[in-house]
Amino acid sequence: MEFDWLLALLSPETVPGTTPGEGGGAGAEAIPRQRMLYLRLREAVLAGRLPAGTRLPASRSLAATLGIARNTVLFAYEQLVAEGCLVADRQGTRVAPLPAPCAARPAAVATTNPPGLAERAALAVRREPARDAEALPFSPGVPDFGAFPFRSWRACLERAWRDAGWRQLGYAAHGGDALLREALAGHLTSVRGLAVAAGQIVVTSGTQAALDLCARLLADHGDTAWAENPGYLAARVAFGLAGLRVHDVPVDAQGMAPDEDDWGRHRPRLIMVTPSHQYPSGRVMPLSRRLALIERAREAGAWIIEDDYDSEFRRAGPAPPALFGLQPDAPVVYAGTFSKTLYPGLRLGYLVLPQTIAADFVHAAALATRAGQGIEQRALADFIQRGHYTTHLRRMRARYNGRQAALRSAMQQVFGQDVELSGGEAGLHLVMRLPDAVADVAVAQRAAVLGLGVRALSAYARPPVRCNGLVLGYGNLDEDNVAEAVRRLALAVGG
């Protein structure tokens, strides 16, 4: 046949994963004829089996030879011309000259794997089984979605959409929506006593985005960042991906506890702390240690990133004073989020910056990332200004206190009065200590099989720190079902 050489190139073997569509079989349903022809021609060109300058048959002739419609051939030719694989002019359709390695590379090269991830990306790769953690009892950090004030929030969203302009539909303004920054400044001043101005606030896409900005804008590649041990795993990821050296500092009964060796041999540029409710231990840093940390950070030329984790949900009494604002010139950046107080999918958080760096940080942050969610930011500003946010926090604080009490009672009934629970001063989780003979990782795996979302405490720690326990979230633990959840937990602990 006139085009035998081309028919051989278009055989099914030339394009892995494609099969002819003759007879209306599964192959025809999976890949239409016109796309199959296009794929085989494209593969032949890119692999060099059709060299540059090779003249292809006229569309009518090739269609007749293959027994297909001419439009099928025209589709393949036109698509390949648009992609630059073919050239069509008065002289016909020819294979375009392509630079190496596209056209003339050896076949073996085409089968080699591309370069892998950067070494520092290994910090972010975690081989854990996927599961819908938000639907499981005891999942840490998950709020009570059923108690969310949908009606009030929907009304705020509707007003934001009704009044939306080009600013809300485009990228967010530098630092975030002006009304939201004003509302946050007022809220933090009245609730946390921070006395900040709107210009000191940068709205972010949650805590992780805030940590990423701090790592890139407050430190240079190769600088040292301190992380609590055990501590918030995502902080290590953010610092490592920014090219910082992560140094783990042990946590004791009063929070982060650096010694002289840490200050001397691992001089920090960034210090990440959760002083109001250390994650995951739940320890609260006393005022004396807070002041000492500020002083040593100032001497070291370091920035403290204060994640005011769970300060909104105190079990009793006001939250301890934030590091930010304890001293006028304290090198502290304050981070907050709405993931626990409202819902994680909102993806909104914020940073509060000292006046000395606020303007430059806001400008740099606007160049480093392009924020959006203009409608949600405007709706959140409205939600705060109308008092809905404060009302919601007050209601949820009472609800979570009741859930923690119910969990403690159920745990004592099932595990006995001597069960060791800690970390309940604030937040949405407790820590259950386990005997050394009972491995927390194994318990967490058995609990997952039983439909529980408990976390192994040891998973948050790095050597030489060792700990053995379970992190038990109760934010989404309905009081009517707590007894059944604890019963399943006992089965997991008992093995």
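Here the structure is a predicted model, which means the values were calculated and not measured. Numbering starts at 1 and runs along the sequence shown.
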Aromatic plane relationship, His363 with His174 - under 30° parallel, 30 to 60° tilted, over 60° perpendicular: perpendicular
Parallel, tilted or perpendicular: rings of Phe148 and Tyr343 (30°, 60°):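 Plane angle over 60°, so perpendicular.
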Counterpart residues, side chain to side chain contact (heavy atoms under 4.5 Å, CB included), relative to [X] (two or more places apart):
X      : value
Val419 : Met411, Gln412, Phe415, Leu421, Met432
Leu194 : Leu188, Arg192, Val196, Ala322, Phe324, Tyr334
Glu295 : Arg298, Glu299

Does [X] reach the main-chain N or O of [Y] with its side chain, forming a donor-acceptor pair under 3.5 Å?
X      : Y      : answer
Asn229 : Pro250 : no
Arg290 : Pro321 : yes
Asn468 : Ala439 : no
His277 : Ala426 : yes
Ser139 : Leu136 : yes
Arg269 : Gly301 : yes
Asp262 : Asp259 : yes

Asp436 atom CG: more than 12 heavy-atom contacts under 6.0 Å: no
Verdict with supporting geometry, Arg347 and Gln373, side-chain contact (heavy atoms from CB on, under 4.5 Å): CA-CA 9 Å; Arg347 303 311 305 146; Gln373 298 172 282; 3.8 Å; yes
Apply salt bridge (Lys or Arg N to Asp or Glu O under 4.0 Å) to [X] and list each qualifying residue two or more places apart in sequence or on a separate chain.
X      : value
Asp252 : Arg289
Asp223 : none
Arg408 : none
Asp307 : none

Any idea which heavy atoms bring [X] and [Y] closest together, and the distance?
X      : Y      : answer
Val443 : Ala492 : O-CB, 3.9 Å
Val482 : Ala410 : CG2-CB, 4.2 Å
Cys467 : Ser458 : O-CB, 3.2 Å
Pro280 : Leu457 : CG-CD1, 3.6 Å
Val333 : Pro354 : CG2-CD, 4.3 Å
Val471 : Pro140 : CG1-CG, 3.7 Å

Salt bridge (charged side-chain N to carboxylate O under 4.0 Å, His left out) partners of residues 484-495, not counting sequence neighbours, each pair once: Glu484-Arg487, Glu484-Arg488
Roughly how far, to the nearest 0.5 Å, is the [atom2] atom of [Y] from the [atom1] atom of [X]?
X      : Y      : atom1 : atom2 : answer
Leu342 : Leu380 : CG    : CG    : 6.5 Å
Leu184 : Leu351 : CG    : CG    : 11.0 Å
Leu323 : Ile294 : CG    : CD1   : 5.0 Å
Gln208 : Thr337 : CD    : OG1   : 10.5 Å
Thr274 : Tyr279 : OG1   : OH    : 10.0 Å
Asp382 : His388 : CG    : NE2   : 7.0 Å

Can you find a heavy atom in the side chain of [X] that is under 4.5 Å from one in the side chain of [Y]?
X      : Y      : value
Ser276 : Met285 : no
Arg181 : Val362 : yes
Asn476 : Leu428 : no
Leu477 : Phe138 : yes
Ser152 : His392 : no
Glu228 : Gln278 : yes
Gln200 : Gln355 : yes
Glu306 : Pro275 : yes

Pairs flagged by ring-ring contact (aromatic ring centres under 6.0 Å, His included) wherever residues 467-495 is involved - sequence neighbours left out: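 Listed by first then second residue: nothing to list.
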Enumerate, atom names and distances included, each donor-acceptor pair closer than 3.5 Å involving a side-chain atom of residues 214-221, sequence neighbours excluded.
residue, atom, partner, partner atom, Å
Arg216, NE, Asp212, OD2, 3.1
Arg216, NH2, Asp212, OD2, 2.9

Test item: side-chain donor near acceptor, Tyr460 and Ser281, under 3.5 Å: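 Note: Tyr460 and Ser281 side chains miss the donor-acceptor criterion.
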Residue pairs, two or more places apart or on separate chains, that pass side chain to side chain donor-acceptor pair (under 3.5 Å) and touch residues 420-434: none
Which residues share a ring-ring contact (aromatic ring centres under 6.0 Å, His included) with Trp263, sequence neighbours left out: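 Scan of Trp263 (ring-ring contact (aromatic ring centres under 6.0 Å, His included), adjacent residues dropped) gives Trp226.
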Asp144 and Arg403: CA distance, side-chain angles, deciding distance, salt bridge (charged side-chain N to carboxylate O under 4.0 Å, His left out) verdict: CA-CA 11 Å; Asp144 182 358; Arg403 291 191 173 183; 2.8 Å; yes
